[in-house]
Amino acid sequence: MVRDMRLSTYFLPVLKETPNEAQILSHRLMLRAGMVRQASAGIYSWLPMGLKVLRKIEAIVREEQDRAGAQELLMPTIQSAELWQESGRYDAYGPEMLRIRDRHDREMLFGPTNEEQITDIFRGLAKSYRDVPKILYHIQWKFRDEIRPRFGVMRGREFLMKDSYSFDITADDARKAYYKMFVAYLRTFARLGLKAIPMRADTGPIGGDLSHEFIILAETGESQVFCHKSFLEMDPLSLAADYDGDLKPVFDAWTHNYAATEEMHDPAQEAALGDDLVTARGIEVGHIFYFGTKYSKPMGATVTGPDGQPIPLEMGSYGIGVSRLVGAIIEACHDDAGIIWPESVAPFKVGLVNLKSGDAATDGMCETLYGQLRAAGVDVLYDDRDERAGSKFATMDLIGLPYQLVVGPKGLKEGMIEVKTRATGNRETLTPEAAVHLLTA
RNA sequence: CGGGGUGUAGCUCAGCCUGGUAGAGCGUCGGCUUUGGGAGCCGAAAGUCGUAGGUUCGAAUCCUAUCACCCCGACCA
């Protein structure tokens, strides 16, 4: 834990007014809460509190990938054009790819994704059918030179993405890898405090039925989505995910009901659902594909089979927009006063509000509580500034920490302090001991 | 890339039409008073008016070019 988290010294440049550059809500709140600063169109610097949230999301994504048996590595942001020429995508990608020349005039690019890179790694180092199955992933910055970046970090040009790649020798095994990632995604988004619904996605020229977008529901979502209402009741964390077992039943349970994005929807099926149909706005936060030998064949990625013959690798790729999730979570979790962080990704669990900085009694009590909570491993942001109460409350509501621990002279006279739950607005008057107990439980 | 819009103090904006050498609120800094939901008073610092040309005695203001950013569309984790 960082040594000291006092607002008097923490770099949290909150804005009272909304900068003109931001239109969408999450973008406004991120700027106002001092989380990011735009560097140029679609490119952002992450300020301390924004980075803290980004890291928390990243950690959850990583834990769930690891749990599913994926192994983390790290590939570079800058790639050689040669690999992309091999797969045929160097020309296909178009101006969305940021192309760079190094001092020797060699063609390079800032990676928009890493299929070629991972295929190159795997073909060079994995030689036998015994080297599969494998799922490899990394969490790395990508660049896509979008025609029109917008919505703040939700559609930036530079973005942090988790991308996994699976390697198998049969389509059947590849499907098992797909199920693992499918389940890992359900768990990941649920842990992030989101209701994510897998929806059939367009597989493009590759064909097949194995591609899903994970869409979270938010009123300000970018696209229209349709699904059976049963999805709203399903809880991914309640199911036991045995990654060594058969995950097909889980996959089936989550895919047999109707769910579709605007591009894929089917009015006939929707009409048949009747009252069970939910129409909502959604934000795509993950996308998984099975694409077979699309890259392994042109790039010559094979392993030697039991019979001594080369087998082209069956592959899939699985993406999560990590930086996009920061904005997406805010879109799904906010009110008029500001952000309401799910506890799992909150930059701090508790905001300690000293209502009368400079008063011996409140200062003393705050120091005591601050020390006790930190000793118990609770992430606390202590507002020790010499500001008025109203301003402190407004700041706390804006930055959306799950709990506000309010210490003022009035309450202290009675030996009491207050705990406010940001999500519900509920306030409880408690003794300091009870409050600490509540927040460390 | 097509269409629309905006660039003036850290932020939100006024001033531009009708040219005369830059303002307000918030924030910041100092002081006093306040102290349970973005307080009040006094004082201060802070802007090559996006940039470059042009017109003019004189340009934030008029003209031209250019850059940046935002919105709608096509495209996307």
Side-chain angles (χ1 to χ4, degrees), chain A residues 13-24 27-28 31-32 34 37-43 57 61 93-97 111-115 139-164 185 196 201-202 204 211-216 222-223 261 263 283-289 317-328 336-338 353-359 362 383 385-399 404 406-414 416-418 420 425 427 429:
Chain A
V14 300
L15 270 33
K16 203 163 169 180
E17 287 173 279
T18 303
N20 201 12
E21 70 194 44
Q23 295 302 320
I24 195 170
H27 191 194
R28 293 177 167 200
L31 291 168
R32 287 194 52 212
R37 180 174 171 84
Q38 179 162 320
S40 52
I43 303 178
I57 295 172
V61 169
Y93 225 92
E96 196 172 273
M97 176 185 280
T113 176
N114 290 69
E115 278 85 4
I139 301 174
Q140 178 62 292
W141 292 91
K142 309 285 193 289
F143 195 94
R144 292 184 192 170
D145 200 357
E146 297 281 345
I147 298 171
R148 182 154 96 85
R150 60 181 122 175
F151 305 152
V153 299
M154 291 220 296
R155 194 179 305 162
R157 293 193 292 172
E158 187 181 57
F159 56 97
L160 186 62
M161 180 171 156
K162 186 287 300 178
D163 39 328
S164 309
Y185 275 37
D202 191 2
S211 179
H212 286 86
E213 292 179 3
F214 287 77
I215 306 279
I216 63 162
E222 53 194 331
S223 60
T261 58
E263 305 82 56
I283 300 169
E284 183 185 353
V285 289
H287 200 158
I288 61 179
F289 299 90
S317 73
Y318 315 88
I320 290 180
V322 177
S323 51
R324 161 178 280 198
L325 273 166
V326 180
D336 289 343
V353 181
N354 184 339
L355 285 185
K356 192 166 184 180
S357 186
D359 177 90
T362 56
D383 190 348
R385 297 170 307 160
D386 183 16
E387 288 287 329
R388 296 181 61 84
S391 156
K392 293 192 171 193
F393 286 133
T395 298
M396 277 301 165
D397 285 348
L398 173 64
I399 67 175
Q404 297 173 17
V406 181
V407 179
K410 283 187 190 172
L412 275 191
K413 266 182 208 152
E414 317 297 324
M416 303 299 264
I417 61 177
E418 199 173 277
K420 172 177 164 182
R427 301 172 189 205
T429 302

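In the text below, chain A, chain B and the rest are named by the order of the sequence lines, each starting its count at 1. As the structure is a prediction and not an experimental result, all values here were calculated from the model.
- The nearest whole Å value for the distance from the CZ atom in A/R157 to the P atom in B/C69 is 7 Å.
- Residue A/R427 places its side chain closer to B/G37 than to any other of B/U12, B/C71, B/G37.
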* Go through the steps for A/N114 and A/M161 under the test side-chain contact (heavy atoms from CB on, under 4.5 Å), then give the verdict. => CA-CA 11 Å; A/N114 290 69; A/M161 180 171 156; over 6 Å; no
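- When each of B/G27, B/C71, B/G36 is scored by its nearest atom to the side-chain atoms of A/P409, the top-ranked nucleotide is B/G36.
- Distances were taken from every side-chain heavy atom of A/S40 (C-beta onward) to each of B/U35, B/G36, B/C69; the shortest belongs to B/C69.
- Heavy atoms of A/G338 sit nowhere under 4.0 angstrom from any nucleic acid atom.
- Taking side-chain N and O atoms only, A/N20 has a distance below 4.0 Å to OP1 or OP2 of B/C13.
- Contact annotation: the side chain of A/Q23 never approaches that of A/R150 to less than 4.5 Å [non-hydrogen atoms, C-beta and beyond].
- Nucleotide B/C1 holds its P atom 15 Å from the CD atom of A/E146, rounded to whole Å.
- At whole-Å resolution of the value, NZ in A/K392 and C1' in B/G37 are 13 Å apart.
- Look at B/C62: its Watson-Crick or wobble partner, with both distances under 3.5 angstrom, is B/G54.
- Listed candidates were B/C72, B/G37, B/G38. Nearest to the side chain of A/L398 is B/G38.
- When heavy atoms are screened at a 4.0 angstrom cut-off, A/G319 is found touching no nucleic acid atom at all.
- The shortest distance between side-chain heavy atoms of A/E146 and A/E96 falls below 4.5 Å.
- B/C70 atom P lies 14 Å from atom CZ of A/R28, rounded to whole Å.
- Using a 4.0 Å cut-off, some side-chain N or O of A/R148 falls inside it from OP1 or OP2 of B/C71.
- The base of B/G38 is not paired with the side chain of A/E387 by any donor and acceptor separated by under 3.5 Å.
- Comparing B/C75, B/C70, B/A77 by their closest approach to the side chain of A/Q23 singles out B/C70.
- Looking at A/R32, its side chain comes within 3.5 Å of the base of B/G38 through a donor and an acceptor atom.
- A distance of about 14 Å separates the P atoms of B/U6 and B/C63, rounded to the whole Å.
- A residue-by-residue look at A/Q38 and A/R155 shows that A/Q38 has its nearest nucleotide of RNA chain B further toward the 5' end.
- Within the nucleic acid shown, A/D359 has no heavy atom closer than 4.0 Å to any nucleic acid atom.
- No donor-acceptor contact under 3.5 angstrom links the side chains of A/D163 and A/Q140, judged on distance only.
- Closest to the side chain of A/D397, from the set B/G27, B/G37, B/C76, is B/G37.
- Each of B/G37, B/C72, B/A77 was ranked by its minimum atom distance to the side chain of A/R150; first place goes to B/C72.
- A/F151 places none of its side-chain heavy atoms less than 4.5 Å from the side chain of A/H27.
- Of the listed nucleotides (B/G38, B/C13, B/C69), B/G38 has the atom at the smallest distance from the side chain of A/A394.
- Here the side chain of A/F393 is nearest to one of B/C72, B/G38, B/G37, namely B/G37.
- Following rounding to the nearest Å, A/I147 (CD1) and B/C1 (C1') show an atom-to-atom distance of 7 Å.
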* To do: Decide yes or no on side-chain contact (heavy atoms from CB on, under 4.5 Å) for A/I417 and A/L412, but give the supporting numbers first.
  => CA-CA 6 Å; A/I417 61 177; A/L412 275 191; 4.1 Å; yes
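- Dashed line: the shortest gap from a side-chain N or O of A/R388 to OP1 or OP2 of B/U35 is not under 4.0 Å.
- Looking at the side chain of A/F159, the nearest of the listed nucleotides B/G73, B/U35, B/A77 is B/A77.
- The partner of B/U34 is absent, by the rule that a Watson-Crick or G-U pair needs both atom distances under 3.5 Å.
- A donor-acceptor contact under 3.5 Å is not formed by the side chain of A/Q404 with the base of B/G37.
- Among the heavy atoms of the strands lying under 4.0 Å from A/E21 are primed sugar atoms or P, OP1, OP2 only; no base atom is included.
- Rounded to an integer number of Å, the gap from A/F151 CZ to B/A77 P is 14 Å.
- Using a 4.0 Å heavy-atom criterion, one finds that A/T113 contacts no nucleic acid atom at all.
- A salt bridge does not link A/E387 with A/K392: none of the charged nitrogens is closer than 4.0 Å to a carboxylate oxygen.
- Both A/L355 and A/E284 lie near RNA chain B, and the one whose nearest nucleotide falls closer to the 5' end is A/L355.
- Computed from coordinates, the A/M161 CE to B/C76 C1' distance equals 11 Å when rounded to whole Å.
- Nucleotide B/G47 forms a pair with no other nucleotide shown, judged by Watson-Crick or G-U wobble geometry with both contacts under 3.5 Å.
- Distance, A/I215 CD1 to B/A77 C1': 11 Å, rounded to whole Å.
- Shown here, B/G2 forms a base pair with B/C72; the pair counts as Watson-Crick or G-U wobble because both key distances fall under 3.5 Å.
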